[in-house]
*Asks:* 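Below you will find the structure I want to go over with you.
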Amino acid sequence: MNTTALASTTRLNPVSRTLPVLLAKEDDAEDIGRLSPDDRLTCHVHGRWIHQCVASPLHVNPITRHRWCRSCATALTVSVDELSGDVTMPCPRCGHGESAASARLIAACRASLAAARRGFGARAA
């Protein structure tokens with residue numbers, strides 16, 4: 001199950017439209033192998049939407065290349081524009097740093113922004 005499918009299952013049930021409930025659902029789906037950690041809308045470490053905490057140093061991983069520029073060995077910077085929904089992660093040294101892992105993280109952040117706009121965060125703690 002991907003994040004979009006998981007999020008769509010909660011649309012009809014107002015009780016499940018809270019951030020804590022979505023966090024728990026994503027934890028469960030990840031634990032049973034139905035959701036990739038890269039496809040989460042929420043962060044199990046910070047208990048927030050992924051777009052709200054993606055700039056944390058905990059989200060930099062040089063091994064998987066999440067937020068990491070291999071050629072410069074530098075953490076990518078993060079820019080999240082909540083108004084436009086745009087998310088970018090350029091390398092502060094060379095301006096590149098693209099990787100499949102960071103592209104998935106950017107997609108998850110965009111989906112997280114969209115879910116938060118749809119009201120999933122309205123009853124969040």
Side-chain angles (χ1 to χ4, degrees):
M1 174 180 289
N2 64 27
T3 301
T4 305
L6 182 64
S8 68
T9 63
T10 64
R11 261 188 222 127
L12 299 177
N13 183 352
V15 173
S16 64
R17 292 180 68 148
T18 65
L19 178 58
V21 171
L22 189 56
L23 271 161
K25 285 183 180 229
E26 286 189 341
D27 286 346
D28 292 344
E30 186 180 347
D31 288 346
I32 62 173
R34 296 190 70 198
L35 179 67
S36 167
D38 293 339
D39 292 330
R40 290 183 66 118
L41 297 181
T42 63
C43 174
H44 72 281
V45 174
H46 297 106
R48 303 187 69 154
W49 294 106
I50 193 65
H51 73 272
Q52 293 174 325
C53 64
V54 70
S56 166
L58 291 176
H59 290 285
V60 176
N61 189 326
I63 296 167
T64 63
R65 294 190 61 204
H66 286 85
R67 283 200 47 222
W68 186 257
C69 180
R70 185 184 317 192
S71 59
C72 294
T74 303
L76 304 180
T77 56
V78 177
S79 173
V80 177
D81 185 334
E82 293 198 32
L83 293 177
S84 71
D86 193 33
V87 180
T88 59
M89 294 184 194
C91 176
R93 263 195 204 153
C94 71
H96 299 291
E98 295 88 11
S99 72
S102 286
R104 287 183 73 178
L105 187 54
I106 288 169
C109 287
R110 289 179 178 150
S112 169
L113 278 162
R117 283 186 190 145
R118 283 192 307 266
F120 278 94
R123 294 180 195 90

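In this chain, residues are counted from 1 in sequence order.
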*Asks:* Ignoring hydrogens, what is the shortest heavy-atom contact between Leu76 and Gly97? Give both atom names and the distance.
*Replies:* CD1-O, 3.5 Å

*Asks:* With the 4.5 Å side-chain cut-off for hydrophobic clustering, are Met89 and Trp68 part of the same group?
*Replies:* no

*Asks:* When rounded to the nearest 0.5 angstrom, what distance separates NE2 in His46 from SG in Cys53?
*Replies:* 5.0 Å

*Asks:* Quick one: closest heavy-atom pair of Asp86 and Arg110, and the distance?
*Replies:* OD1-NH2, 3.2 Å

*Asks:* With rounding to the nearest 0.5 Å, note down the distance linking NE2 in His96 to OG1 in Thr74.
*Replies:* 12.5 Å

*Asks:* If you take all heavy atoms of Glu98 and Arg65, which pair is closest and at what distance?
*Replies:* O-NH2, 3.1 Å

*Asks:* Say you draw a straight line from NE2 of His66 to CG of Leu58; how long is it, rounded to the nearest 0.5 Å?
*Replies:* 13.5 Å

*Asks:* Does one hydrophobic cluster hold both Trp49 and Val54, with members joined at side-chain heavy-atom distances below 4.5 Å?
*Replies:* no

*Asks:* Taking atom CD1 of Ile32 as the centre, does the number of heavy atoms from other residues, nucleotides or ligands within less than 6.0 Å exceed 12?
*Replies:* yes

*Asks:* Can you sort out the partners of Asp27 under side-chain hydrogen bond (donor to acceptor under 3.5 Å, both in side chains), two or more places apart, ordered by chain and number?
*Replies:* Arg40

*Asks:* Got a second to check how far Ile106's CD1 is from His51's NE2, nearest 0.5 Å?
*Replies:* 14.5 Å

*Asks:* Under the side chain to side chain contact (heavy atoms under 4.5 Å, CB included) test against Ile50, which residue among Thr42, Asp38, Leu105 passes?
*Replies:* Leu105

*Asks:* First locate atom CD of Gln52, then atom SG of Cys109, and finally report the distance between them rounded to the nearest 0.5 Å.
*Replies:* 10.0 Å

*Asks:* Looking at every heavy atom in both Leu41 and Ala115, which two are closest together, and how far apart are they?
*Replies:* CD1-CB, 3.8 Å

*Asks:* Within this structure, what is the SG-CZ distance for the pair Cys69 and Arg93, rounded to the nearest 0.5 Å?
*Replies:* 9.0 Å

*Asks:* Could you tell me which non-hydrogen atom of Arg117 sits nearest to which non-hydrogen atom of Ser84, and how far apart they are?
*Replies:* NH2-C, 3.7 Å

*Asks:* For Ala75 versus Pro92, what's the shortest heavy-atom pair and its separation?
*Replies:* O-CD, 3.3 Å

